[in-house]
Amino acid sequence: MSFIKPKWWPWGVLTVISLIILAFFVLYPLGVLFNNSVRDESGALSLAGFSQLFDDGVFLKALGNTLTLGVTVTTLSVAIGVPLAYMVARYEFPMKNLVAVLPVVTIVIPEVIVGQSWLLILGNNGLLTNFMERIGIELPSFYGWNGLIFSMTLVYYTYIYLGVLAALRGFDGQLEEAGLSLGTPPLTTRLRVLFPLMLPAVAVNALVVFSLVVGNFVLATLLGSRVPLLSVMTYNEFINEMGGSPLLQSAMSVVSILIVGIVLFLQKRVVERKLYTMTPGRAPQAAPVRSGAAMIFTGCVGFIIFLSILPLIIVFVAAFTETSGPVMRWGVWSFASILRIVRSAPEPVFNSLTFASMATVAGVVFAVLASYLIIKKRNALTQSLDYIVVMPLTISGTVMGIALVQTFNTGWLVLAGSSAIMVLCYAVRRLPFAVRNASSTLFNIPDSIEEASISLGVSPLMSFFKVVLPVMKASIVSAAILMWVTTIAELAATIVVYTGGLETMPIAIFRQIDGGRLGLASAYGAVMITMILVPIIVSIKLFRINLFSNR
Amino acid sequence: MASISIENIKKAFGGNRVLEDLSLHIPDGAFYTLLGPSGCGKTTLLRCIAGFHEADAGRLLFDEDDMTRVPTHRRDIGMVFQDYALFPDKTVFDNVAYGLRARGVGKAELRQRADRAIESVGLASLAERYPAQMSGGQRQRVALARALVIRPRVLLMDEPLSNLDAKMRTQMRDVILDLVQEAHITTVFVTHDQEEALAMSDRIAIMDRGRIAQIGTPEELYGMPVDAYVADFIGSANTIPVSIESADPLSAGNVRYLLGGRSLDGVRACDRLDGTGILIARPEELSLAPVDPIVPNAVPASVLRRQYLGFKTSYRVKLREGPEIRVDLSAISRAVDFHPGDSVQVLFPAQSRVIRA
């Protein structure tokens with residue numbers, strides 16, 4: 001190490017290495033994507049791709065649809081999430097504790113399962129569709145706007161709910177008391193004191209939901225066959241242009257990155273500045289509600305929770321239900337579907353396990369290192385690390401996949417078609433979340449314990465391993481679990497980067513749904529949810545950690 | 001055990017110069033306090049000695065060994081932090097044994113030394129506890145044991161008592177002094193609490209905006225402050241502008257000054273004095289007398305406020321043609337009592353020091 005100044009070892013060196021890795025796997029692919037979007041067939045600089053897109057009626061319609069869907073789902077999510085959070089934070093009513101399952105539900109039930117199970121209920125051959133038909137009521141088709149709006153709202157309202165709930169709990173009740181003491185009546189006080197303080201929290205989370213809807217591929221492709229949407233169209237173009245010049249797919253990807261980029265910029269620049277820091281005071285007491293109102297409260301909350309958990313139940317029931325082709329024979333139990341995937345097509349299960357394990361290890365190691373550098377070794381370089389790490393947030397899964405395939409399908413490093421690209425894709429996509437997770441813990445660890453270790457004669461690098469890592473243990477485990485869980489269920493990027501022999505469970509589910517075999521899809525779904533639940537349960541029991549404390 | 005020499009150390013953060021060409025010698029075995037208000041650079045200086053900051057210029061020696069470029073973990077120091085910095089996932093024993101393990105101390109010796117260190121701070125029965133299960137005072141004891149058990153060359157303490165309540169703080173002073181004296185170790189102690197500094201130190205360096213204002217024993221700093229800043233920081237002092245009547249240029253010491261229309265005797269505390277000077281007068285050195293008869297070395301004044309504090313009574317008085325000052329009369333010497341509105345004379349002792357304005 002004599003050639004490296006002691007000042008630079010180890011953290012300076014590790015910062016540079018991390019930056020190089022990120023630049024290569026995040027910045028470089030994005031650069032390739034942007035570059036491809038402005039090159040014509042001959043490789044000359046041109047805006048032909050974009051002009052072609054904006055002349056294309058279908059593309060403009062898809063763009064309009066996507067934005068409409070984003071606004072609609074966001075509005076509905078706010079309409080459900082905010083009152084729910086308010087009821088939970090401020091009132092006491094029977095069975096209120098049930099809401100504790102909501103954060104778990106959002107993690108445990110992947111979108112693909114949500115889409116699939118609602119198809120089982122409300123699809124063309126759905127349970128409720130058939131039942132209503134028998135009593136003479138024809139339900140509107142679930143495919144298209146109805147299904148998209150319904151299922152996405154059910155997936156995304158929890159983001160609003162959790163964000164606003166946290167804000168409401170952080171609200172200092174004395175502010176309201178101050179308002180009352182100054183002579184405004186209770187309702188006016190809430191409107192004038194509470195409402196303005198909660199508005200930024202609502203806006204921040206609403207923008208997140210909007211960007212997630214715009215980038216959503218899974219539900220869009222499962223349910224939106226009659227509604228052209230940007231993400232699905234980008235994917236189809238990717239399939240079309242396979243082997244040719246990747247002009248239109250790149251241009252479309254760039255458009256969706258720009259939409260999300262603008263939204264996140266708004267969030268950072270406009271909304272987050274308005275977030276008020278409140279001195280943590282006493283949170284206001286939850287007021288008990290009386291019998292009549294309590295019934296309504298419990299009923300509303302119970303119904304929402306029921307709708308959120310229903311996919312979980314449906315998938316397990318369907319996995320053990322007899323099927324003949326596309327027809328589910330509800331009430332007739334059978335192991336046939338489960339046995340069939342175990343016997344004849346278990347590869348997706350193994351693939352998912354392998355890729356998710358590798359991505360989890362790689363992602364967590366990198367995330368811990370990066371967040372340590374960002375939080376504990378502040379300087380210009382680690383600051384730029386901080387910016388690059390969150391970049392994957394602006395990029396939907398499909399677009400990330402396209403960028404990686406375009407970048408690593410030729411040249412000296414060919415990853416396309418290998419399992420490495422799957423792992424890479426997973427790790428990069430979940431990096432922002434893992435870093436955020438680790439950072440919040442690191443932020444609460446005082447620098448002095450590390451300095452104490454160094455002062456006692458342990459080198460800085462060893463102090464990190466001996467003192468910092470043990471203290472971070474719980475958050476590393478929870479970051480690992482969240483990474484594991486979300487990569488197991490990842491579909492939007494997988495569908496772009498996977499090749500024959502590398503199918504994962506979500507891909508298998510997707511294909512079975514596509515082929516109308518909902519029984520087999522459910523069997524894969526049940527296995528997948530089990531693989532998601534087991535590590536969560538084990539870690540909660542084994543490490544006694546509260547996985548959802550900082551959500 | 002070692003002496004510490006700091007030679008012309010400079011340290012800046014960005015454009016903010018925190019230490020300006022600072023030199024200091026800390027003798028072997030001394031209990032040496034860096035005292036000053038927040039932002040004076042005392043913690044920065046301590047962290048330079050520890051090696052957490054690298055000085056921009058200057059040298060640092062332990063005895064004859066140049067430590068300027070030696071990384072912290074090879075400096076062989078013991079450090080006690082303001083927030084104790086105990087490892088939350090390790091028991092008391094493992095916290096104390098940490099530094100021994102880093103030094104590769106054998107199992108039997110490690111056990112014995114760690115046990116003895118824990119015992120010496122009176123925590124033998126709590127060795128298997130975790131930091132979260134202990135009180136602030138107990139954590140502070142663990143931090144001390146952990147720093148001392150490795151028998152470091154120097155012990156560095158960064159405001160170690162500031163997170164404790166008043167009663168525990170005085171108790172811990174004794175604990176620290178006992179341990180440090182027993183180990184006979186050079187100690188650098190950072191604090192902003194002048195009483196703590198006076199009570200514990202062999203020598204004190206008072207710092208002001210990155211420089212040393214004065215170095216001395218507690219008695220020297222209290223009795224012979226070189227300027228108004230030191231006078232007011234150690235104890236409290238009235239600083240009163242006076243005009244110099246005559247200063248004997250040959251004999252060091254005597255000065256006559258004018259205040260409130262009277263001519264008083266004082267002690268010259270700097271090389272040259274002419275025109276105006278600053279009189280440094282501690283409230284407890286002053287006394288009050290009725291306005292009649294006129295007494296020597298006194299200035300007429302009127303009482304503004306009287307605060308009864310039990311062991312003393314504190315008066316706020318306005319000097320004639322002078323500023324408002326504080327006069328403390330101890331309960332024992334209080335022969336007469338004064339009240340707001342009373343006309344009085346303030347008696348200045350002839351040993352009061354006059355410094356350059």
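Letters A, B, ... are given to chains in the order of the sequence lines, protein chains preceding strands, and every chain is numbered from 1. Quick caveat: nothing in here was measured; it's all calculated off a predicted structure. Only heavy atoms go into these numbers, but all of them, side chains included; no hydrogens, no water, no symmetry mates.
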More than 12 foreign heavy atoms under 6.0 Å from CZ of B:Phe13: is that the case here?
yes
If you look at every heavy atom in B:Leu86 and A:Ile449, which pair is closest and at what distance?
O-CG2, 3.5 Å
Measuring only between side-chain heavy atoms, which start at C-beta, is B:Phe52 closer than 4.5 Å to A:Ser455?
yes
Heavy-atom proximity to chain A below 4.5 Å, by part of B:Arg103
side chain
At a heavy-atom distance under 4.5 Å, which candidate from A:Ser463, A:Pro446, A:Gly457 has the highest pair count against chain B?
A:Gly457
Other residues, nucleotides, ligands: >12 heavy atoms within 6.0 Å of B:Lys10 NZ
no
Kindly compute the distance separating OG (A:Ser448) from CE (B:Met79), expressed to the nearest 0.5 Å.
9.0 Å
Side chain to side chain, B:His73 and A:Val458, heavy atoms closer than 4.5 Å
no
Portion of B:Ile150 that has a non-hydrogen atom of chain A nearer than 4.5 angstrom:
side chain
Over 12 foreign heavy atoms within 6.0 Å of CZ, B:Arg17
no
Would you sort out whether A:Lys466 and B:Tyr98 count as a side chain to side chain contact (heavy atoms under 4.5 Å, CB included), showing the intermediate values?
CA-CA 10 Å; A:Lys466 283 180 142 183; B:Tyr98 187 90; 3.5 Å; yes
What's the spacing between A:Leu456 CG and B:Asp76 CG if we round to 0.5 Å?
10.5 Å
Where do B:Ala85 and A:Ala452 come nearest, in terms of heavy atoms and distance?
O-CB, 3.8 Å
Hey, is CZ on A:Phe265 packed in by over 12 heavy atoms from elsewhere, all under 6.0 Å?
no
So which part of B:Arg101 gets closer than 4.5 Å to some heavy atom of chain A, the side chain, the backbone, both or neither?
neither
How many angstroms lie between CD in A:Glu451 and OG1 in B:Thr72, if you round to the nearest 0.5 Å?
8.0 Å
Has B:Glu109 got more than 12 heavy atoms of other residues, nucleotides or ligands less than 6.0 Å from its CD?
yes
